There are 2 protein chains.
Amino acid sequence: MTYRLPSLNTLRVFEAAARHLSFKTAASELGVTAGAVSQQVKKLEASLGVDLFRRLPHGLLLTVAGETYLPKITQVFEDLSEATESIAPEINGRKFTIGVCDRALAVLPPNWPLHDDTLKAHVRDSVRTTDVELVRTDAIDCLIRLGGGPYGELALETIPTPSDTRQHTGEHPPELHFICKPGLADCRQSRAIVEDLRGHVVSRS
Amino acid sequence: MTYRLPSLNTLRVFEAAARHLSFKTAASELGVTAGAVSQQVKKLEASLGVDLFRRLPHGLLLTVAGETYLPKITQVFEDLSEATESIAPEINGRKFTIGVCDRALAVLPPNWPLHDDTLKAHVRDSVRTTDVELVRTDAIDCLIRLGGGPYGELALETIPTPSDTRQHTGEHPPELHFICKPGLADCRQSRAIVEDLRGHVVSRS
DNA sequence: TCGGAGACCTAGATATTCTGAGTCTCATCG
DNA sequence: CGATGAGACTCAGAATATCTAGGTCTCCGA
């Protein structure tokens, strides 16, 4: 079975970049640096042998090939996402119960996670806790802490806080940790929460 | 935009393994070891939180989840492949002109590449040569050599020959090199040729 | 003529993936 | 029965791929 398949990673990056028409914005959505986006897009273009973006002085534009490709790729991701959710039905559509520790709340907006309607759609409620055991026993779906670990079998996503260079010379910069069971690691709910965290962490004042 | 997306790599492995109902056969189709297949499948199962295969004493079976997933994933790959080919139209359907060096022919079946109907569908003709310049100037689409390199900008795929341990104690084991322009690296034609090579290399006698 | 924004480049760090060698279980065969 | 072979699995380390950090460049607007 021979398919022409670019790497999924480069396609995800392309999709985000094309949607925003900005490598920088795409980078922040994906939680990587702009350089990484630039590299992945270049790699995709090289592997296809076709340019997907026109780099103009003002900003980006899609080429004809890019315009043609984008909707198809978006569709592929939607199909894939749907197929994947269809075989993990117990997760599908369920709202998450989130655990958050006090130190994490300190770097998040007031009354997080209810500050934002998009996020609220994925959240049943949230409890103040720092206890990883609650994740293991399914009492909560995920836990958000500032630093800590290791967490053994559990899946961990790391969200850097805006580095406050005045305060953190030499010590570890503080990071948010998103912890859940491996099977929940990349479901919609988790991704929505992590994306929201990335967009809203603030430096401690 | 939040999707539930397992890594494409694990999905390709799953698709091949499910189609063959054998990790070993899948491994050889993909050109990797059986251990790698086992690991990727395990990783996919962990990330989904669902088993896809039932490991029986006799062999493999798909679980219900696996049965449900397989056709959808196959479809996704086909769509992706088609979308990708649609934006690189100059390649689409064209038959390749292949360059082969004598030393490579020595480890290939008699009258390769015309030994096999599947492969013939992708081949216009083949010429005896060892000159990488012909790839750069588009005189040929790809070149197959035994060893050599480096090839600069060109894309390289490596096909190990069955290791003949009696003869190669200490020296490099001979390898087939498939060389083409980056834009042709993962098109159907190239993949078909490489897959065929992997299946048919023999040890020099 | 600055200064900021954003794309790009390169080197080195980090993470992922693959290999290679060894283990285990079961099925087949003498 | 024990020997043999096939195939899945595991683990450490090697090979790749990917990301970061820091610097350059160009364009734009003040």
Side-chain angles (χ1 to χ4, degrees), chain A residues 5-14 16-18 20-47 51-62 150 155-160 162-163 165 173 175 182 185-186 198, chain B residues 6-14 16-18 20-47 51-62 66 150 155-160 162-163 165 168 172-173 175 182 185-186 198:
Chain A
L5 296 174
S7 101
L8 179 67
N9 200 15
T10 63
L11 289 175
R12 286 194 56 191
V13 171
F14 163 70
H20 294 294
L21 286 181
S22 158
F23 288 3
K24 190 166 196 243
T25 313
S28 96
E29 170 177 321
L30 298 167
V32 297
T33 62
V37 171
S38 175
Q39 288 171 342
Q40 291 298 94
V41 169
K42 263 212 159 35
K43 183 183 158 193
L44 178 60
E45 289 176 324
S47 99
D51 280 354
L52 297 168
F53 291 97
R54 294 176 52 199
R55 281 79 167 172
L56 301 179
H58 324 292
L60 292 175
L61 271 179
L62 286 166
L156 167 66
E157 190 100 14
T158 289
I159 297 104
S163 61
T165 45
E175 292 178 323
D186 51 13
R198 286 196 200 286
Chain B
S7 103
L8 179 67
N9 199 16
T10 63
L11 288 175
R12 285 193 58 192
V13 172
F14 163 69
H20 291 114
L21 286 181
S22 156
F23 288 3
K24 190 166 196 246
T25 313
S28 98
E29 170 178 321
L30 297 167
V32 297
T33 61
V37 171
S38 174
Q39 288 171 341
Q40 290 299 96
V41 169
K42 263 211 158 36
K43 184 182 158 193
L44 177 60
E45 290 176 323
S47 99
D51 280 355
L52 297 167
F53 290 97
R54 293 176 53 199
R55 280 83 168 170
L56 300 179
H58 322 293
L60 291 175
L61 270 179
L62 286 166
L156 167 66
E157 192 100 15
T158 289
I159 297 103
S163 62
T165 44
H168 300 283
H172 288 186
E175 292 180 325
D186 50 14
R198 286 195 200 287

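No experiment lies behind these values; they were computed from the predicted model shown. Throughout, a chain's letter reflects where its sequence line sits, starting with A, and its residues are numbered from 1.
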May I ask you to test the B/Leu8-A/Asn9 pair for a side-chain heavy-atom distance under 4.5 Å? no

If you define the side chain from C-beta out and look only at heavy atoms, does anything of B/Asp186 sit under 4.5 Å from A/Leu5? no

Interatomic distance, OG@B/Ser38 vs CZ@B/Arg55, rounded to 0.5 Å, equals 7.0 Å

Roughly, in whole Å, what's the span from CG in B/Leu21 to P in D/dG7? 13 Å

OP1 or OP2 of C/dC18 versus the side-chain N and O atoms of B/Thr33: is any pair under 4.0 Å? no

A/Leu61 CG - C/dA7 P separation (whole Å): 12 Å

Just how far, in rounded Å, is C1' of C/dC26 from CG of B/Leu60? 14 Å

Check whether any side-chain heavy atom of A/Thr25 lies under 4.5 Å from a side-chain heavy atom of A/Glu29, and answer yes or no. no

Provide, to the nearest angstrom, the distance between the CG atom belonging to B/Leu56 and the P atom belonging to D/dA8. 11 Å

Separation of C/dC18 C1' from B/Asn9 CG (nearest whole Å): 10 Å

Any A/Gln40 side-chain nitrogen or oxygen under 4.0 Å from OP1 or OP2 of D/dC19: yes

Among C/dC18, C/dT10, D/dG7, the one nearest B/Lys24 by side-chain distance: D/dG7

Starting at CZ of A/Phe23 and ending at P of D/dC19, how long is that distance when rounded to a whole Å? 14 Å

Tell me what A/Ala34 touches on the nucleic acid: a base, only sugar-phosphate, or nothing, going by heavy atoms under 4.0 Å. nothing

With distance as the sole test, does B/Gln40 use its side chain to make a donor-acceptor pair with the main-chain N or O of B/Arg12 at under 3.5 Å? no

Length of the NZ-C1' vector between A/Lys43 and C/dC9, whole Å: 18 Å

Check this one for me: any side-chain N or O of A/Ser38 less than 4.0 Å away from OP1 or OP2 of C/dC8? yes

Starting the side chain at C-beta, find the nucleotide from D/dA8, C/dC8, D/dT18 nearest to A/Ser7. D/dT18

Taking atom C1' of D/dG7 as reference, at what distance in whole Å does atom NE2 of B/His20 sit? 15 Å

Which of these nucleotides, C/dC18, D/dC9, D/dC19, is closest to any side-chain atom of A/Ala36? D/dC19

